[in-house]
Amino acid sequence: MKIMLKDGSVKEYNEAKSIFEIAKDISEGLARVACAGEVDGVLLDLRTELTHDCELTIITVTDPKALHVIRHTASHVLAEAVKRLFPNAKVTIGPAIDEGFYYDFDSDPFSREDLDRIEAEMKKIIKEGHEITRFTLPRDEAIRLMEEKGEPYKVELIQDLPQDAQISFYDQGGFVDLCAGPHLMSTKGVKAFKLTSSSMAYWRGDSNKARLQRIYGTAYNKKEELAQHLERMEDAKRRDHNRLGREMELFTTVDVIGQGLPLFTPKGTKMIMKLQRWIEDLEDNEWGYTRTRTPLMAKSDLYKISGHWDHYKEGMFVFGDEDKDKEVYALRPMTCPFQYYVYKNSQKSYRDLPCRYSETSTLFRNEDSGEMHGLTRVRQFTISEGHLIVRPDQMVEEFKNCLALAKYCLETLGVSEDVTYHLSKWDPDNREKYIGEPQVWEETQQHMRDIMNELGIPYVEDVGEAAFYGPKIDINAKNVYGKEDTMITVQWDALLAEQFDMYYIDQNGDKVRPYIIHRTSMGCYERTLAWLIEKYAGKFPTWLCAEQVRVLPISEKYEEYANDVCKKLKKAGVDATVDNRSEKIGFKIREARLDKLPYMLVVGQQEEADNTVSVRSRFAGDEGIKTLDCFIGEITQEIQNKTIRKEMPTEEKN
RNA sequence: GCUUCAUUAGCGCAGUCGGUAGCGCACUUCACUCGUAAUGAAGGGGUCAUCGGUUCGAGUCCGAUAUGAAGCUCCA
C-alpha cells in the first residue's frame, strides 16, 4: 500500500497501518502534535487503519482543521461531565461549530453555577486523561446498547440510519457516545476550553418537539488562543450597536412605547437623514427613479389580492375583527401593492416602461416578541423601497442595474467587502408556500444565476428562502457576533402583475403583462445604521457624522470667535458645534475624542488674530494651523466625496 | 412564541443575614480664564420596573405582568 504525503514523498507498507502509526513512522515529534488525518480530503481519526493507496495529510494542533476535532472531543467531555453531575440528563447531539461547540441535553435548565461545576468536572476528566477508543456495532446491537444506557434520543438517531449501517461509538474511560467522529486520541488533548453560555434549543430544531438545554463552549489548542478569542468577544461587545448606539445617544427604547419600536434621538436622526437624502437624490437624479408617497395602511381587501392575507396575516397589525366588522384595516408590511396602484393610475404604453418607482417607506411587521433585537429586528422600520415595472425584454438589464446600484451603495459606505450574496430559491418540496408554476420558478432562477455569473459576483444558493411570489438575490452581512442579516434584496417577480391585473399596451395594441422587480438600494435604515455602528465602532466616515466639527475655544474670551467659525462652517453645510463650557482645553479635547468626533478646531488668541483654526482630527491627530477657508474647503470636499479617511491607531484612555 | 438570566438616580454599577439606599460619571451653582486626553468646591436628584403575596418589617423571599439580553424557533 502506498501513502502519498503532503510534501510529495511516498511511504510504502505491506500491512494496514493506523494514521497514528504512520505519523510516528514519519517522526516521533509529529506524532506528539498530530490531531487527525486527512485522507483523500476526508478528516479521519488518527486511529483509523489505512488499507489502500491514498493521499494523507497529518493534521497537527496548529492546523485550523484540528480545532474542529479538539472542539468535538471537548463536547464529548462536556457530555461526560454532565452525565456525572446530572445522571438523569439525557444526551442528544453535540457538534463542533464555527466558534466552538455545543451539546444539547434533555435536562432541567443549567445555571451559571452549574456551568462552573460542569467546567470543573471537565477539567477533572481531561486530567484523568482517558484514552478515547472507537468501536462499531451493527444497527440492532447499537440500538440495544443505547436502550440499555437509557438514551432515547440516541436510539432515535440510530433508527434514522440505514439498516445495514455499522454504527460507530466512542468510549472515553467508560463514557460511551454515539458519534461519527473524528476525535482526539485522549481527553488530555483538550487543553484550553471554556463554557460560555446555556440556553434552550428544540430537539431537531423543531418547536413542536422536546425542549432541550444547550450548553455552548469554545475550545482552542492553546490557552493564549482561547484568551484571544475571549478578548475578541469582548471587543464585539464594545462594538455591539445595541450598546454603543445607546451609549452614543443615537437611539433609545422606552418600555411604555413597546418592543421593537426604537426612538431616534437628534444625533441618530441626523445620521439616518443623511443616509436617506443621499439615497433619494441618488435614485432620483442618477438612476432614473420617480418617487411615490402612499398610505401606511389599507383595507384587508388589498392584502387579499396580493396574497399577503393568506401568506402573512400573522405578521401584520390588523385593526378590527373580520367576523364582526364590515371593514378591517391593517398597517402595511410592504409597499408593493400600493405602488402597483400608482402604476395602474394611468394606462401605460410599452414606451413608458421601465417604470421605476421609489419610496422611503415605513413598514410594520408584528414580529414574535422574542425576535426583536436593537435596531436589526424591529416592528416598525423604514426602507428605501422600490418597484420596477418592466417589459419582459427589459427584465435582465433592469435586474442587473438594481444589483449595480446596491453595489454602488455598499462601496460608498465602505462595506462592500463585508457582504455575501445569496440566491434565495423556492423549495419544490413545499409548494403550498409559493404561488406560480414550478417551470416558471426554475426558469427565473436560471436567469438570476446567469446574471450573477455575468456580473462575476460570487454567491451561494439557499433553498426555501424565496419570497412567495418569486426568487431573489439577498445581500447579507454579519453582525459583530457573526449572525447574518439581509441588508439589501432584489426580487424577481413574474407573478404578481397577474393578481393585480397590471398591463401595458405593446406595439400591436395588445395588453401585455409586465414583470416586476422588488428591490431596496440600501435596505432598511435602522438596520443599516446598526451595521455602520458595528463596522466603524462608532467612528463613522465624516460625511455621516451627526456632529462633524466641534470648535473648542481655549477660554471664554474666544467664545465670540469660536461662534463665528461655527457659523461659517454651518453656512458651508458642515455640522458644527461650539464647546463653550468653562473647562480646560484638555478636558474638552478628551470629551470630543470620547464622542468619536472627526474634527476639533482649537481656537485661542493666535487663531483669532490670524483668522485661522488649529485642526485636530481622528485620522491624523494634530494637523496644524490652517486658515479657516482652507479647512472649510477641505472638509466640504471630504463630505461631498464621501471620503473614508484612514483612522489613526489610538489607545483609548479611560 | 419558548428557555434562562436581568431590571436600584439620566448612564454605568454596589447594596452582606430581610431592619427603610450608596459610589462613579453626568446635571446645577460658585470660583478659576486656562494651548491639545479629566481644575477645584458645594448642591440637587430614588414609589429600588409595575402589580400582588409572605412577614412585625421586603431593594433583598415568592408569584404575575412589562421591558431588556443570550440562545432556539420564525423572518412573506
Item to complete: Validate the cation-pi geometry between Arg71(A) and Tyr220(A): distance from NZ or CZ to the six-membered ring centre under 6.0 Å, angle to the ring axis within 45°.
Response: yes

Give me, pair by pair, the N or O atoms of the protein and of nucleotides 26-29 of chain B that are less than 3.5 Å apart, along with how far apart they are.
none

Item to complete: Could you list the residues that satisfy salt bridge (charged side-chain N to carboxylate O under 4.0 Å, His left out) with Asp610(A), not counting sequence neighbours?
Response: none

Item to complete: Have a look at Gln606(A) and say if it touches a base, only the backbone sugar-phosphate, or nothing, with a 4.0 Å heavy-atom cut-off.
Response: base

Worksheet item: Tyr469(A) has a side chain; which of rA38(B), rC34(B), rA76(B) sits nearest to it?
Response: rA76(B)

Practice prompt. Any pair with a residue in residues 596-616 of chain A that passes ring-ring contact (aromatic ring centres under 6.0 Å, His included), sequence neighbours left out, goes on the list, sorted by first then second residue, please.
Written response: Tyr599(A)-Phe619(A), Tyr599(A)-Phe631(A)

Worksheet item: Residues in salt bridge (charged side-chain N to carboxylate O under 4.0 Å, His left out) with Lys425(A), at least two apart?
Response: Glu461(A)

Worksheet entry | side-chain hydrogen bond (donor to acceptor under 3.5 Å, both in side chains) partners for Ser424(A), two or more places apart | Asp474(A)

Worksheet item: Which ones in residues 483-502 of chain A lie close to RNA chain B, meaning a heavy atom under 4.0 Å from one of its atoms?
Response: none

Worksheet item: Looking at Lys472(A), does any N or O in its side chain come under 4.0 Å of the phosphate oxygens OP1/OP2 on rA76(B)?
Response: yes

Fill in: Partners meeting side-chain hydrogen bond (donor to acceptor under 3.5 Å, both in side chains) with Ser300(A) (sequence neighbours left out)
none

Discussion item. List the residues meeting salt bridge (charged side-chain N to carboxylate O under 4.0 Å, His left out) with Arg246(A), not counting sequence neighbours, and say none if there are none.
Written reply: none

Fill in: Set of side chain to side chain contact (heavy atoms under 4.5 Å, CB included) partners for Phe319(A), sequence neighbours left out
Tyr329(A), Leu331(A)

Fill in: Watson-Crick/G-U partner (both atom distances under 3.5 Å) of rC23(B)
rG12(B)

Worksheet item: Can you give one letter per nucleotide of nucleotides 64-70 of chain B, 5' to 3': B if a protein heavy atom sits under 4.0 Å from the base, S if only from the sugar-phosphate, - if neither?
Response: ---SSSS

Discussion item. Give me the distance, rounded to whole Å, that separates rG45(B) from rU28(B) when you measure between the P atoms they each carry.
Written reply: 16 Å

Worksheet item: If only side-chain N and O atoms of Lys588(A) are considered, is one of them under 4.0 Å from the OP1 or OP2 phosphate oxygen of rA37(B)?
Response: no

Worksheet entry | Ile589(A), nearest nucleotide to its side chain (from rC32(B), rC72(B), rA37(B)) | rA37(B)

Item to complete: Write out all pairs satisfying ring-ring contact (aromatic ring centres under 6.0 Å, His included) with one or both partners inside residues 230-253 of chain A, taking only residues at least two apart or from two chains.
Response: His241(A)-His373(A)

Item to complete: Sequence neighbours left out, what passes salt bridge (charged side-chain N to carboxylate O under 4.0 Å, His left out) with Arg550(A)? Give chain and number order.
Response: Glu547(A), Asp595(A)

